[in-house]
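Quick notes on the structure that follows.
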2 protein chains.
Amino acid sequence: MPDDSIAIVARPRVADVARLAGVSAATVSRILNGSEMFADATRIRVQEAARQLGFQPDPAARSLRRGQGDSIALLVGDIEQGVYAGLTRHMQAALEDMGLDLLVYDLAHQEARLRRFLERAPARRLRGIVLATTDTLPEDCIGLLRGLMAQQVKVIALRQRLDQHGIASVIQDEHSAAKLATAALLRKGRMPIAFLGRISGSLMGAERCEGYRDALREAGHAVDSALIWDASYRYRAGFTATAEALQRGLAFSAILAASDELALGAIAALQDAGRSVPGDVAVIGFGDADWAAYQRPSLTSLSEHPAELSGIVRGILEGKATGLLHEVKRHLVERQSG
Amino acid sequence: MPDDSIAIVARPRVADVARLAGVSAATVSRILNGSEMFADATRIRVQEAARQLGFQPDPAARSLRRGQGDSIALLVGDIEQGVYAGLTRHMQAALEDMGLDLLVYDLAHQEARLRRFLERAPARRLRGIVLATTDTLPEDCIGLLRGLMAQQVKVIALRQRLDQHGIASVIQDEHSAAKLATAALLRKGRMPIAFLGRISGSLMGAERCEGYRDALREAGHAVDSALIWDASYRYRAGFTATAEALQRGLAFSAILAASDELALGAIAALQDAGRSVPGDVAVIGFGDADWAAYQRPSLTSLSEHPAELSGIVRGILEGKATGLLHEVKRHLVERQSG
DNA sequence: TTGTAAGCGTTATCAA
DNA sequence: TTGATAACGCTTACAA
């Protein structure tokens, strides 16, 4: 029979370690924080005592005294979108390496949630804030971010350019990626090509749309505004926009969708209407979701680089990466759909 | 030209509020923490002063003094699985209502990551830990969890039964859900039916498999172990297991998959082999992923209840829900695939 | 190279 | 009903 009683064991403090090692608390603190100027004998005695007691410094006490904590807040546009979930995973791994905690905050694409977070943020002694959303920010939120920077909080924008506001930004090259995909479709003789994605309310979306337009123009084609469908992120939006276009009798032989979710919705609408993919209509998405390869037809998509983005964020937090703007290149992952 | 200078404004402390209201710091603290026994005039003066200064208590100082913080850690099996992302979103909403912070920790299905977290957890002054994974836990981790409970940390298991260890558990009825789905397939004349899912290493998987077996037995069918495919969670596993089964020439007219991801992989393998879904083979998944309705064929799946689960967790944290085991019912969401 | 003591901001105890 | 004071655990000036 297992022993079900649990002793409440008081956690060791610096004082306990100090007593065991026969030194003062100050010495323990200094040695455990990596101070070099100590006799080897002392250092070893302290480290051994800490190990033996299983001492772990109390983060609350430490951050109260130091005036700064050990956590980074990651604000994501929508944790249920694969892109943000992947980013969360990679950011967590990168920060863990640095000994930092990750506080994930799901914005659910709501301005009110961002504002709420930013209002409560100053009290939290955050080391940094990584804002990962493509939604355009209201002025007051940018002001709050700058206010936090003034309190020594490192602010980094991910997937959105805020460098014009003095905020370090890490982005992927949406414009050239969209151009790349559009050109690939044109090379395969696809025309007309529709653009499906969020344009208003997302700087990134607008950039993608611009890449699409530029590719068409450079190939000598006119841009037909009836083939530019402004839709939000999720499956339903892709489905609805495509279904409506079909109902209106619009002609197109390819769709460039601004996310894999939108692309999936679009493909469903096409198939429901009896159009084959990629036979009648080719479809390309953005984000290279992990399910893209297991769709039938499998989904051609523009690559996403969460590991690289996280690495750059890490560099900025460590003070190694300089400069306000960092860009990662996307490439085309070709599969069946386009 | 906008003013780019940022003033470093010191955040107000209780002392500042006290000075402005003409009372002591202790009074401010008590009133702001909801103490009733004060003259209305004082209360109003203090609240007004706090509002005016935009006072927000420092969580580090507070948790140092109180011995307990305001955050809950949510440990998820894999943040990139839709089920856990959805759970994260709902948990965050529920905890926010309670004024608690959410610390998300992605286990990536690795025991080492869980152990690492649990070892560092005691120092963090967590209010609670919600462990959301179906992976079976090693003994030492359960010991660590019980040790945390002894330190007044509320521990709640989600999607896994740990009530036999005295840990409050919130689960969905996997056994009857699997039985329900299997019975539905049988009613439609589907036989033989294969089971695809993680069995070893997941108590939940084993329960689902048992539900499948029971449904077959109750209908008077023998259980063919060659049709039980032990595979992990992701798309690839579903694809591979199904492709191998087809290659071996196994006969089956339906697959009950333990997750929507596995189901998608299975459908891809079936279609690649020229089998139609649901014509030749019906497929049912678990989790009712948001993309399930936008697949073609759209995916029949067993419902998932993140909002209800989060609500129960909230109840437990608030001390309203009693009992060690809480169960939410799943139902069958019927679509094209099965 | 090491120790003493002060202080981070809050809340709880005790006294009035 | 309110105030003074100590204490939470740690780090860092200042002293030695």
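Throughout, protein chains are lettered first and strands after them, A, B, ... in sequence-line order, and every chain is numbered starting at 1.
Remark on DNA chain D: of its neighbouring residues B:Leu64 and B:Val23, the 5'-side contact belongs to B:Val23, judged by nearest-heavy-atom nucleotide. Both A:Met37 and B:Val14 lie close to DNA chain C; mapped to their nearest nucleotides by heavy-atom distance, the more 5′-ward contact belongs to A:Met37.
Ring planes of B:Tyr84 and B:His109: perpendicular class, angle over 60° (limits at 30 and 60°).
B:Asp16 has its CG atom 11 Å from the C1' atom of C:dG9, to the nearest Å. In this structure, the CD1 atom of B:Ile31 is 16 Å from the C1' atom of C:dA12, given to the nearest Å. The nearest whole Å value for the distance from the CZ atom in A:Arg13 to the C1' atom in D:dC8 is 9 Å. At whole-Å resolution of the value, CD in A:Glu36 and C1' in C:dT1 are 14 Å apart. Straight-line distance from the CG atom of A:Asp58 to the C1' atom of D:dA7: 14 Å, rounded to whole Å. The distance between atom CG of A:Asn33 and atom P of D:dT12, rounded to the nearest whole Å, is 7 Å. Between B:Arg62 atom CZ and D:dA7 atom C1' there is a gap of 17 Å when expressed in whole angstrom units. Rounded to an integer number of Å, the gap from A:Asp70 CG to D:dC10 P is 13 Å.
Judged as a ring-ring contact (aromatic ring centres under 6.0 Å, His included), and not counting sequence neighbours, B:Phe55 has no contacts.
In terms of phosphate contacts, B:Thr42 brings a side-chain nitrogen or oxygen within less than 4.0 Å of OP1 or OP2 of D:dT2. For the OP1/OP2 pair of C:dT10 and a distance below 4.0 Å, the side-chain nitrogens and oxygens of B:Ser29 include no atom meeting the criterion.
Ion pairing of B:Arg19 with B:Asp16 is present here, as a side-chain N (NZ or NE/NH1/NH2) and a carboxylate O approach within less than 4.0 Å. A salt bridge links A:Glu48 with A:Arg51: at least one charged nitrogen is closer than 4.0 Å to a carboxylate oxygen. In summary, A:Arg11 and A:Asp58 do not engage in a salt bridge, as defined by a charged side-chain N under 4.0 Å from a carboxylate O.
The nearest pair of heavy atoms linking B:His90 to B:Ser310 is CB-OG, 3.3 Å. B:Arg113 and B:Ala108 get closest at one heavy-atom pair: CD-CB, 4.3 Å.
Taking every heavy atom of residues 119-129 of chain A and every atom of DNA chain D, no pair lies under 4.0 Å. Of all the residues in residues 43-57 of chain B, not one reaches under 4.0 Å from DNA chain D with any non-hydrogen atom.
A:Leu131 is listed as a side-chain neighbour of A:Leu107, based on a closest heavy-atom distance under 4.5 Å. A 4.5 Å side-chain heavy-atom check between B:Asp101 and A:Arg124 finds at least one atom pair inside the cut-off. Two residues are said to be in side-chain contact when any heavy atoms from C-beta on lie closer than 4.5 Å; A:Leu145 and A:Leu137 meet this criterion. Residues B:Arg161 and B:Leu203 are not in side-chain contact: their nearest non-hydrogen atoms beyond the backbone lie 4.5 Å or more apart. Proximity of B:Ser169 to B:Leu324: side-chain heavy atoms (C-beta onward) are nowhere separated by under 4.5 Å. In this structure the side chain of A:Leu64 reaches within 4.5 angstrom of the side chain of A:Arg125, judged on heavy atoms.
Nearest to the side chain of B:Thr27, among D:dT2, D:dG9, C:dT1, sits D:dT2. Nearest nucleotide to the side chain of B:Ala61, out of C:dA12, D:dG3, C:dG9: C:dG9.
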Check: residues 65-76 of chain A side-chain donor-acceptor pairs under 3.5 Å, at least two apart:
residue: A:Arg66; atom: NH2; partner: A:Asn33; partner atom: OD1; Å: 2.9
residue: A:Asp70; atom: OD1; partner: A:Arg127; partner atom: NH2; Å: 2.7

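For the helix from C:dT1-D:dA16 to C:dA16-D:dT1, the terminal axes (five pairs an end, C1' atoms, rotation from four pairs onto the next four) enclose an angle of 40°, given to 10 degrees.
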Polar atom pairs between nucleotides 13-16 of chain D and protein, under 3.5 Å, N or O only, would you list them?
residue: D:dA13; atom: N6; partner: A:Arg30; partner atom: NH1; Å: 3.3

